[in-house]
Peer 1: 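Quick one: structure below, then a few questions.
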Amino acid sequence: MPIFEYSCRSCQAQFELLVRTGTELACPTCGGVDLEKLLSLPAIKSENTHRNALAAAKKRDQKLGNEKAAAQREYEIKHND
Ligand SMILES: [Zn+2]
């Protein structure tokens, strides 16, 4: 699932949006639809950051015995393309 970074021309907010087919792109700050797509970070870097974040969260969940959340993240990792 691609995540793109956008800048809002109305309020200059910058944000990331998960873009699905049929997603209507709008600024989460002001609701504006005049968005500029920014060049994203190198894929490998953001991918690693994402995985590290998931791994850290998973470790924390396991500590808490929250297996359901860990299973959900496992699913997300495997389907994160
Ligand atoms: Zn805006």
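Here the structure is a predicted model, which means the values were calculated and not measured. We count residues from 1, following the sequence as given. Ligands are counted one by one from 1 in listed order, and the atoms in each one are counted from 1 as well.
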Peer 1: Under the rule for salt bridge (charged side-chain N to carboxylate O under 4.0 Å, His left out), what residues qualify as partners of Glu74, not counting sequence neighbours?
Peer 2: Lys58, Lys78
Peer 1: Who are the side-chain hydrogen bond (donor to acceptor under 3.5 Å, both in side chains) partners of Glu36, not counting sequence neighbours?
Peer 2: none
Peer 1: In the shown structure, where waters are left out, how many protein N, O or S atoms lie under 2.8 Å from the Zn ion (ligand 1)?
Peer 2: 4
Peer 1: Which atom names give the shortest non-hydrogen contact between Ala26 and Leu17, and what distance separates them?
Peer 2: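 Closest approach of Ala26 to Leu17: O-CD1, 4.1 Å.
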Peer 1: With a 4.5 Å heavy-atom cut-off, do Tyr6 and Leu25 have their side chains touching?
Peer 2: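 The answer is yes; the side chains approach within 4.5 Å.
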Peer 1: Restricting to non-hydrogen atoms, name the atom on Arg9 and the atom on Leu35 that form the minimum distance, rounded to 0.1 Å.
Peer 2: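 Scanning both residues, the minimum pair turns out to be NH1-O, 3.3 Å.
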Peer 1: Which residues satisfy the side-chain contact (heavy atoms from CB on, under 4.5 Å) test with Ala57, sequence neighbours excluded?
Peer 2: Arg60, Arg73
